[in-house]
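Below: one structure, written as structure tokens.
Note that ligands are numbered from 1 as they come in the structure, with each ligand's atoms numbered from 1 the same way.
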Amino acid sequence: MKKLEVFGATRLKGQIKISGSKNASLPILAATLLSNKKISLANLPRVKDIETMLLLLKSLGSIIEKNKKITTIKNNKQVKTFASYGLVKTMRAGILVLGPLLAKFGKAKVSLPGGCAIGTRPINIHLKALSKLGVKFKIIQGYVHANAPKGLIGANIRFPKISVGATENLIIASCLAKGKTVLSNCAIEPEIKDLVNFLNKMGCKVKWISKRTIKIIGKAKPNALSYQVMPDRIEAGTYLIAAALTEGKLKILGIDPQIINTEIKVLKKIGAKIIIKKKEIIIEGNKKIKNINIKTSPYPGFPTDLQAQMMVLLCKANKKSYIKEEIFENRFMHVSELNRMGAKIFTSGNKAIIEGNIKFQAAELMATDLRASVSLILAALASKGKSVINRIYHLDRGYEDIEKKLKKVGAKIKRVN
Ligand code: EPZ
């Protein structure tokens with residue numbers, strides 16, 4: 001089992017180029033199922049979840065070719081409509097093939113994603129909304145058996161709760177439905193905007209008609225296209241937090257600062273010096289880190305995917321801070337590991353109280369989920385001595401070349417067996 005050794009403490013200095021967004025790439029890859037034409041995608045991050053999604057598309061019959069920079073996908077006429085548990089269980093975003101398969105073939109058998117460390121990850125909102133497009137489904141032995149005998153028929157649908165995945169599944173499915181669909185109370189993460197740009201470039205007709213309402217005209221005729229996926233704002237936020245934590249100075253390249261405005265405001269409030277330019281952010285950490293209270297919420301609020309990383313930073317604040325995790329029911333798995341490094345974090349339900357002025361101690365650690373793993377690396381960078389992080393397969397799902405990028409800015413980090 002691979003693990004990471006990190007020798008701290010290190011002040012990170014230099015520049016980091018942000019890779020393509022995992023969470024924009026996954027729905028875009030699922031949406032390629034709508035088309036039989038050749039689709040070329042650039043800037044897909046080389047991470048495990050993308051590999052898994054490509055395997056899933058291959059298992060459905062897509063022909064995939066890739067070189068260092070471009071991945072091309074070509075669906076021939078006959079595509080299977082069965083997404084296996086083996087592929088979907090490790091990457092819950094596999095459920096995103098349900099919408100396009102139903103739209104194109106009127107049927108699909110897709111494994112229920114199952115839960116993960118951060119929560120039960122239900123898909124009731126996806127299924128209820130798809131049923132409003134005329135889908136009938138049954139859950140049999142852990143699979144969704146879905147059918148739309150008359151094809152998908154456009155409808156007006158209001159999501160009962162903001163859901164990134166359900167919004168994506170329904171936008172994609174509605175592109176081939178008969179007639180018009182209006183979706184309201186949508187998630188509006190930048191990754192969804194990227195998906196909409198991709199769909200429109202492919203020849204679909206998707207238009208935002210208000211902040212959280214989108215209109216899709218169905219029966220699109222998808223054409224061939226080349227598309228470059230947006231950069232990863234969570235990766236960018238992670239490295240910004242790393243600079244603030246280690247009192248370092250980093251130039252983050254290749255990201256539009258606008259899409260991480262909330263995070264930049266928070267980091268300025270805790271005392272980091274930040275200069276923003278068109279496609280780069282320069283951050284300098286301050287010795288004194290001011291405490292702050294954070295509540296995670298759907299975009300444009302503070303992202304749940306940066307909650308664990310922020311918690312590490314707040315351990316170094318001058319006073320106590322509070323974090324409320326409003327999106328997932330069990331996203332504090334990193335707390336016990338951080339407390340083993342000398343942190344004093346107390347949790348009750350979805351609230352965490354973080355004592356400040358902590359001196360992290362290096363330790364042997366266990367990663368539990370993607371964002372928790374990277375929070376352990378951050379804490380290790382701020383600790384004197386050698387930390388060892390186990391189960392780093394969680395990390396490899398979503399951070400491209402993380403050791404290489406951190407080494408380049410001064411971190412002493414290596415992967416060992
Ligand atoms: C997406 O997950 C992201 N994953 C997550 O990133 C991210 O944390 C999350 O959105 C919130 O921003 C991808 O984009 C691949 P949701 P998703 O549907 O779509 C509940 C990472 O680290 N819910 O917005 O699964 C759900 O349980 C990952 O990159 C239902 O109850 O998130 C959660 O509590 C982790 N029923 C809340 O809604 C449903 O049918 C938000 O989930 C769907 C969701």
Side-chain angles (χ1 to χ4, degrees), residues 19-31 44-45 47-50 52-53 56 88 90-99 110 112-132 137 139 144 157 159-172 183 185-195 212 229-230 232-238 259-260 262-263 296-309 324-331 333-334 350 367-375 394-400:
S19 301
S21 162
K22 163 178 87 80
N23 290 351
S25 303
L26 292 168
I28 285 172
L29 283 166
L44 290 178
V47 295
K48 194 85 184 83
D49 273 8
I50 300 303
T52 308
M53 181 58 99
L56 177 53
V88 175
T90 57
M91 200 265 307
R92 268 153 302 284
I95 195 65
L96 293 175
V97 302
L98 181 62
V110 177
L112 281 169
C116 69
I118 63 175
T120 51
R121 311 300 292 271
I123 57 164
N124 57 316
I125 300 173
H126 298 238
L127 299 182
K128 191 144 172 37
L130 285 168
S131 67
K132 293 196 177 138
F137 55 84
I139 309 287
V144 179
I157 300 169
F159 292 111
K161 173 178 176 181
I162 292 174
S163 160
V164 170
T167 302
E168 292 165 342
N169 235 335
L170 271 289
I171 290 174
I172 299 170
L183 304 172
N185 199 28
C186 293
I188 54 172
E189 271 64 4
E191 294 75 26
I192 295 180
K193 308 270 169 140
D194 209 31
L195 169 66
R212 290 189 183 275
V229 169
M230 68 176 278
D232 194 313
R233 64 187 168 105
I234 302 300
E235 183 194 20
T238 301
I259 65 170
I260 49 173
T262 301
E263 298 87 321
T296 63
S297 57
Y299 194 86
F302 191 88
T304 175
D305 293 348
L306 284 175
Q307 178 257 104
Q309 299 91 315
K324 207 168 168 215
E325 171 54 60
E326 300 269 43
I327 306 289
F328 287 107
E329 68 269 29
N330 187 37
R331 204 167 195 175
M333 302 288 282
H334 42 285
N350 69 340
T368 52
D369 59 271
L370 170 57
R371 308 301 174 183
S373 341
V374 86
S375 74
H394 290 290
L395 195 66
D396 294 337
R397 291 187 47 198
Y399 283 91
E400 182 179 82

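Looking at atom 41 (C) of ligand 1, its nearest protein heavy atom turns out to be I327 CG2, 3.7 Å. The protein heavy-atom contact nearest to atom 22 (O) of ligand 1 is R371 NE, 2.9 Å. The single protein non-hydrogen atom nearest to atom 14 (O) of ligand 1 is N23 CG, 3.3 Å, given as residue, atom name and distance. Looking only at heavy atoms of the protein, atom 26 (C) of ligand 1 is closest to F328 CE2, 4.1 Å. The single protein non-hydrogen atom nearest to atom 17 (P) of ligand 1 is R121 NH2, 4.0 Å, given as residue, atom name and distance. With hydrogens left out, the protein atom closest to atom 6 (O) of ligand 1 is D305 OD2, 3.0 Å, a heavy atom. The nearest protein atom to atom 18 (O) of ligand 1, hydrogens excluded, is given as S163 OG, 2.7 Å; this is a heavy-atom distance.
Close approach to K161 involves these atoms of ligand 1, each under 4.0 Å from a residue heavy atom: 20 (C), 34 (O), 37 (C), 38 (O). Of all atoms in ligand 1, numbered sequentially from 1 with element shown, those under 4.0 Å from a heavy atom of K22 are 21 (C), 29 (O). Residue-ligand proximity, R331 to ligand 1, at heavy-atom distances under 4.0 Å covers atoms 8 (O), 22 (O), 35 (C). Per-residue contacts place I123 under 4.0 angstrom from the following atoms of ligand 1 (heavy atoms of the residue considered): 39 (C), 40 (O). Taking every heavy atom of T304 and a limit of under 4.0 angstrom, the matching atoms of ligand 1 come to 8 (O), 11 (C). Within ligand 1, the atoms closer than 4.0 Å to a non-hydrogen atom of G165 are 18 (O), 19 (O), numbered from 1 in the order shown.
Looking only at side-chain heavy atoms (C-beta outward), E400 and D232 stay at 4.5 Å or farther from each other.
Of the candidates I234, T296, I260, P303 forms a side chain to side chain contact (heavy atoms under 4.5 Å, CB included) with just one, namely I234. When each of I259, V164, I192 is checked for a side chain to side chain contact (heavy atoms under 4.5 Å, CB included) with Y299, only I259 meets the rule. Results of the side chain to side chain donor-acceptor pair (under 3.5 Å) test with Y399 over H394, R371, K48 single out R371 as the only residue that passes.
Smallest separation of non-hydrogen atoms from M53 and A93: CE-O, 3.7 Å.
To the nearest 0.5 Å, the span separating CG on L112 from CG on L127 amounts to 7.5 Å.
Ionic pairing of E191 and K22 is not present here: no N-O contact between side-chain nitrogen and carboxylate oxygen is shorter than 4.0 angstrom. The residues D49 and R92 are annotated as not salt-bridged, no charged nitrogen and carboxylate oxygen being separated by less than 4.0 angstrom.
Under 4.0 angstrom from ligand 1, there are no non-hydrogen atoms of E168. Heavy atoms from both the backbone and the side chain of N124 come within less than 4.0 Å of ligand 1.
Remark: side-chain polar atoms of S25 are not paired, donor with acceptor, to backbone N or O of L44 under 3.5 angstrom. In this structure a side-chain-to-backbone donor-acceptor pair under 3.5 Å is missing from E235 to G237.
Between the choices D369, D232, V164, the shortest heavy-atom distance to atom 24 (O) of ligand 1 belongs to V164.
No side-chain donor-acceptor contact under 3.5 Å links S297 and E326.
Among the atoms of I125, some N or O lies under 3.5 angstrom from an N or O of ligand 1.
For the pair P122 and ligand 1, a heavy-atom separation below 4.0 Å is found.
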